[in-house]
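Proteins get letters first, then strands, A, B, ... in listed order; numbering begins at 1 in each.
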Amino acid sequence: MNEIFDVLIDITVYASVVCIILYLKGFVVNNKAFKFFTLYLLAVALVQICMRIHGHLTDSAPNLHFFVYYFVSEFILLSLFYKQLLGYKVIYVITGCVLGFIAAQYIIDQSMYYRYNPIGSSITRIIIVCYSLLYLYKSLSHGKEFLIVNVGVFIYFLSSVLIFASGNLVFDAKFSDVIAQVLLDMNGVLYLVFQLLIIVEWYRNYRKPVTTVINS
Amino acid sequence: MKDLLVSEEGQVLYILLGAIALLVLMALAIVLFFYFSRKKIVKAELEKANLQIEHQREVIQANLITQEAERKRIAQDLHDAISSKLNIVSLNANMLTERNIASEETNKIAGDILKVTTTVLESSRQIAHDLLPPTLKNFGLEYALEELCDTLSDTKKFEVDYYSDYETNSLSETSELHLFRIAQELFSNAIKYSNATTVQLTLEKQEDIVSLRYVDNGRGFDLQKAKEAKGIGMSGIENRVAILNGSLEIETSVGTGMKLSVHVKLI
């Protein structure tokens, strides 16, 4: 059973690379929202690959410092992505406040860098879920852009809030590795579903190059 | 001790898995709710758009019918008032070319030609006036309606009451023409069908709304039946109001006369 999940998690790394290749093809011609989303995919894939390499080189030494880059870059880029889709300037203010809060956490307690940060990761995820819910509401009347990706963001981020919030259980000596493994596997499966939706979005809406019709 | 740990760990695991599954289900339910709501809204918007297209089609169709009727009327006018009389002129002129014609006869024929050409001139002036009244172009809607009321009053069949506080050129030239045509159609209906003895016409401007109100004491009609019958006259009025993006109120029933108001917003 564990082997199946290991394979699934390996697939998420390959799928990340595939997503980037697909989305980079249309990077120049598409709008700002598309560009921010591609950058988000790039950031997540880089963190994933760095963690893999780090794991191989240091024989599974603690890699929690990567996690900071992961959730902070994810939050910034997805906030910018939703700013383009929703058009609300207040998103900049919210992003600034949350980043200020996270920075304060790390300035006050510098050892936090090597520890897991459930509050920071949960807050950023909940905010992204709120943005995606707002976009779902907005898409009722107009806006067809990134609908499938938005559904993916909503399902993955809402479901994984609990996984990320309970991340400290993994490091609790009271519990065995089973819980950590189950949480990681669950996250892997949910992330794979999200990646599939990202690929479906590309296939349905961005596969063909953007063409401009010139009436002569 | 180990069993206790396993049992505690198992409970935490089950709770976590249950909560995550619940969140996944919740997320799916919300997404499905939005998906079906969107589908419903899109369907409703599509139906609305189809209705609008249908309405526009009806307006275009009614316009074409009105246009054809108008062409027919002009052709009839030209035939009756111009062509037939010009035939007489031509015939008389032909007689003048004959050599052995007496001087008296020549004078009589010339007199006839003069009389007929005068009538033809008057008729052509009347036709041109009916097509586009010069008063409307030169002095605006207020005076064109006044002239129209005078014409109706001259028939001696109606007591016409006209009031206006409209400022000329508040509406565009095209909008003024549409309002004028509506009044013309109402007066035409009054003469043909209403049996009315008094007619009131009011043209008012209040803030940014121009209102044309018409009241008669005629025999009225069944509004529902008139709508079903879709006579050219009434649908012509409705179409013009639709083009003006205005609103139309009609109050009538058999034996109670008719009240009609058109309200047009200034842009």
Side-chain angles (χ1 to χ4, degrees), chain A residues 118 122 125-126 128-130 132-145 147-170 172-194 197 200, chain B residues 1-60 63 174 242-247 265 267:
Chain A
S122 303
R125 292 198 149 234
I126 287 167
I128 297 295
V129 168
C130 291
S132 75
L133 192 63
L134 279 173
Y135 190 61
L136 271 179
Y137 176 71
K138 201 182 171 188
S139 66
L140 280 179
S141 53
H142 49 270
K144 291 174 186 168
E145 219 185 347
L147 269 185
I148 303 168
V149 159
N150 187 53
V151 166
V153 170
F154 186 70
I155 294 174
Y156 171 59
F157 278 65
L158 183 63
S159 317
S160 64
V161 162
L162 198 67
I163 298 175
F164 280 73
S166 53
N168 266 343
L169 285 179
V170 177
D172 196 326
K174 211 164 80 175
F175 299 114
S176 67
D177 285 348
V178 178
I179 290 184
Q181 198 53 51
V182 169
L183 288 178
L184 280 173
D185 292 344
M186 288 295 290
N187 186 49
V189 173
L190 288 169
Y191 190 60
L192 191 62
V193 172
F194 179 35
L197 289 173
V200 171
Chain B
M1 188 64 185
K2 197 183 174 188
D3 283 344
L4 182 73
L5 268 177
V6 167
S7 140
E8 197 181 337
E9 192 176 295
Q11 277 180 20
V12 171
L13 192 63
Y14 287 134
I15 290 169
L16 267 178
L17 286 177
I20 291 168
L22 203 69
L23 281 175
V24 172
L25 279 176
M26 224 169 79
L28 280 173
I30 292 170
V31 166
L32 283 176
F33 170 75
F34 275 102
Y35 172 74
F36 287 114
S37 301
R38 187 186 155 90
K39 219 171 168 182
K40 215 171 173 180
I41 289 168
V42 168
K43 199 181 162 195
E45 276 177 0
L46 206 71
E47 276 170 11
K48 203 176 148 189
N50 280 336
L51 269 178
Q52 271 177 343
I53 291 168
E54 187 60 34
H55 177 68
Q56 277 171 355
R57 199 175 287 156
E58 275 173 15
V59 169
I60 291 168
N63 274 345
T174 325
I243 293 167
L244 288 168
N245 216 0
S247 63
K265 206 169 179 185
I267 300 161

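Here CZ of F157(A) is found 14.0 Å from CG of L23(B). Values are rounded to the nearest 0.5 Å. Taken to the nearest 0.5 Å, the CG atom of L190(A) stands 7.5 Å off from the CD1 atom of I20(B). The line from CG of L16(B) to CG of L183(A) is 5.5 Å long, rounded to the nearest 0.5 Å.
Within the 4.5 angstrom heavy-atom criterion, only side-chain atoms of I41(B), from C-beta onward, approach chain A. Contact annotation for L17(B): only side-chain heavy atoms (C-beta onward) come within less than 4.5 Å of a heavy atom of chain A. If you measure heavy-atom distances from Y137(A) to chain B, the contacts under 4.5 Å come from both the backbone and the side chain.
Using a 4.5 Å heavy-atom threshold, the side chains of R38(B) and L147(A) count as touching.
When all heavy atoms of L140(A) and F34(B) are compared, the pair lying nearest together is CD2-O, 3.6 Å.
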